[in-house]
Amino acid sequence: MENVRNIFETMLTSPVIFRNRDVLRHSYTPEYLPHRKNEIEALASILVPALKGETPSNALIYGKTGTGKTATVNFVGNQLEAISRKMNVICFVHYLNCELIDTQYRVLATLAKILGKNVPMTGWPTDQVYEEVRKSIDERNQSIIIVLDEIDKLVRKGDEVLYNLSRINSELNNARVSIIGISNDLKFKNFLDPRVISSLSEEELIFPPYNAEQLQDILQQRAELAFNDDVLDSEVIPFCAALAAQEHGDARKALDLLRVSGEIAEKENSEFVTLEHVRKAVKKIEMDHILEAVRMLPTQNKILLFGMVLLSEAGFKKFTTGEIFTVYKSLCKRVGVDVLTQRRISDLISELDMMGIINSIIISKGRYGRTREIKLDVPNDPVKEALLEDYRLEALASAEKNIRNVASLDIFEYT
DNA sequence: CCTCCACCGGAAAGCCGGGTCA
DNA sequence: TGACCCGGCTTTCCGGTGGAGG
């Protein structure tokens, strides 16, 4: 009977690490934000005029990733909307992420949609959409706060939207609009028209990175909600906090680390999350980043890297520019792709080196010349798998054996 | 001590897709 | 619409070089 147990039953009865893992995700806004009291108060005091029927100043918020900018704005925004309902004041906070909504038209169309207007996501003249937005905002006496997250992404494609939005108030009779821009790039103002800068940055807030202690508090708070009681080893949180503090005090990274550690413990059917799990999580996250980077590589770089994986699989711990170049050439022919010059490949090798995928040093073999000595810095199998996901490299999956012979021949001739 | 290998890496120019402006 | 420009990628050309072998 044991072996016919429902598979889900088995999984559900194994030790449970998480109570609610979503608490550790980026999208979650906690009920209170540790160590952001000053920032919350500053932002609230900027926005409080909205409740009195006045226009709040526009504001710009700066800070590196994972310093709680978005969470703070969401938090204050929610509180503002809540209190406005109680006070019978009409006040809305609308959040737009400019990474996804990155053109003037999309911003306006999305705003129109939020405001209940039916505007197609493409097709209308921009000023008509703007007019639509303006009208629907001005329909009643209300305060609208527009949050533009990652505003620097928007600015890259021209600052017209910002210019239009920042002067919208002068065309409104009943309503009031203010804009809050969030950016992790301090220099993004350089791309802006001075008039836009002065109107947009009436107020500025800077979010400093968290230190290890503060990160620890944040993790502690979330861990209580995310994990079941007593499943975390006592050193786990301080360790995660310390690791993340080393890397610019990024709370997002710290939370990722904690979540992945928990997931690894869960997968191993462990009752507890230990330091060992955290160490594995560090490796896993690192590996995931590298694989992601590999997937994003241009085709030429992929072929080159594939050649390196083959050499490495064939037992060559290290190899030279010339060797990898001959392998690369034959791979190109197999795939039907133009062969780049050795000069160019030399640069591509440097790029892979910078990314930390390979390790290359320049050595001199005296009589036998001066070259780079290259070794792969990552495990073969996962990288190879990631490379073969690219349909353009399809031909290489089966050609492997042939290539290996070619490679061996050339290299044996050499040494 | 000199040679000479096998490549390094800077400079400059060509090519190409995309965007701008009159 | 065509002339023009821009930036990224690539090629061409070439002077430079650490050290094993002679």
Side-chain angles (χ1 to χ4, degrees), chain A residues 98-109 122-127 152-164 185 187-188 190-196 292-312 314 316-377 387 390-393 406-415:
Chain A
C98 304
E99 182 150 39
L100 309 167
I101 305 165
D102 59 354
T103 62
Q104 148 132 290
Y105 188 88
R106 278 185 212 155
V107 169
L108 291 172
T122 164
W124 282 19
T126 311
D127 32 344
D152 43 324
K153 302 274 161 49
L154 188 59
V155 171
R156 303 252 149 89
K157 309 200 179 168
D159 53 9
E160 262 184 280
V161 219
L162 298 179
Y163 180 70
N164 289 334
D185 180 4
K187 295 169 299 180
F188 98 100
N190 298 347
F191 303 101
L192 285 178
D193 187 305
R195 284 171 303 176
V196 180
E292 199 43 48
V294 166
R295 281 188 266 266
M296 301 299 290
L297 245 28
T299 319
Q300 289 288 354
N301 305 46
K302 281 184 179 168
I303 295 172
L304 176 65
L305 183 56
F306 195 89
M308 293 180 179
V309 173
L310 288 183
L311 280 173
S312 173
F316 298 93
K317 296 184 297 298
K318 44 192 179 176
F319 35 84
T320 65
T321 304
E323 287 160 353
I324 184 59
F325 185 61
T326 55
V327 175
Y328 157 81
K329 273 189 292 189
S330 52
L331 290 178
C332 277
K333 273 186 210 121
R334 175 112 9 194
V335 187
V337 163
D338 294 348
V339 181
L340 299 182
T341 48
Q342 181 155 341
R343 176 69 187 85
R344 181 66 188 134
I345 290 305
S346 175
D347 280 346
L348 298 191
I349 293 173
S350 307
E351 279 174 32
L352 290 176
D353 192 12
M354 303 260 256
M355 293 172 66
I357 296 175
I358 63 171
N359 203 320
S360 78
I361 47 168
I362 295 156
I363 56 153
S364 174
K365 296 197 286 190
R367 181 89 262 195
Y368 305 102
R370 215 155 102 80
T371 181
R372 270 202 191 83
E373 190 178 85
I374 304 159
K375 18 180 222 246
L376 216 51
D377 228 12
L387 287 170
D390 192 324
Y391 69 94
R392 285 165 295 195
L393 302 208
V406 174
S408 314
L409 272 181
D410 284 346
I411 288 160
F412 286 138
E413 253 170 37
Y414 236 76
T415 29

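Given the structure is predicted, the values throughout are model-derived calculations rather than measurements. Naming: A, B, ... by sequence-line order, numbering from 1 per chain.
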inquiry  = Closer than 3.5 angstrom, by distance alone: can the side chain of Tyr328(A) be matched with the main-chain N or O of Leu340(A) as a donor-acceptor pair?
reply    = yes

Margin query: Can a side-chain donor-acceptor contact be found between Thr299(A) and Arg392(A) if the only test is distance below 3.5 angstrom?
Written below: yes

>> Check this one for me: any side-chain N or O of Ser346(A) less than 4.0 Å away from OP1 or OP2 of dC8(B)?
In response: yes

- Is any side-chain heavy atom of Lys318(A) less than 4.5 Å from a side-chain heavy atom of Asn359(A)? no

Going 5' to 3' through nucleotides 16-21 of chain C and flagging B where a protein heavy-atom sits under 4.0 Å of the base, S where only the sugar-phosphate is that close, and - otherwise, we get -BBBBS

Check your understanding: Looking at side-chain heavy atoms only, is the closest gap between Val327(A) and Leu331(A) below 4.5 Å?
Key -> yes

When rounded to whole Å, the CG to C1' distance for the pair Asp338(A) and dC15(B) reads 13 Å

When rounded to whole Å, the CD1 to C1' distance for the pair Ile349(A) and dA6(B) reads 13 Å

Kindly indicate, with the supporting measurements, whether the criterion side chain to side chain contact (heavy atoms under 4.5 Å, CB included) is fulfilled by Arg370(A) and Ile363(A).
CA-CA 6 Å; Arg370(A) 215 155 102 80; Ile363(A) 56 153; over 6 Å; no

query: Just wondering, do Lys375(A) and Ser312(A) contact through their side chains at under 4.5 Å, heavy atoms?
result: no

Kindly give the atom pairs (protein nitrogen or oxygen, nucleotide nitrogen or oxygen) under 3.5 Å for nucleotides 8-11 of chain C.
| from | atom 1 | to | atom 2 | distance (Å) |
| --- | --- | --- | --- | --- |
| dT10(C) | OP2 | Arg344(A) | NE | 2.9 |
| dT10(C) | OP2 | Arg344(A) | NH2 | 2.7 |
| dT11(C) | OP1 | Thr341(A) | N | 3.4 |
| dT11(C) | OP2 | Thr341(A) | N | 3.0 |
| dT11(C) | OP2 | Thr341(A) | OG1 | 2.8 |

(message) Quick one, Thr320(A) and Glu373(A) - any side-chain contact, counting heavy atoms below 4.5 Å?
(response) no

**Prompt:** Are the side chains of Ile358(A) and Ile349(A) in touch, meaning some heavy atoms are under 4.5 Å apart?
**Reply:** yes

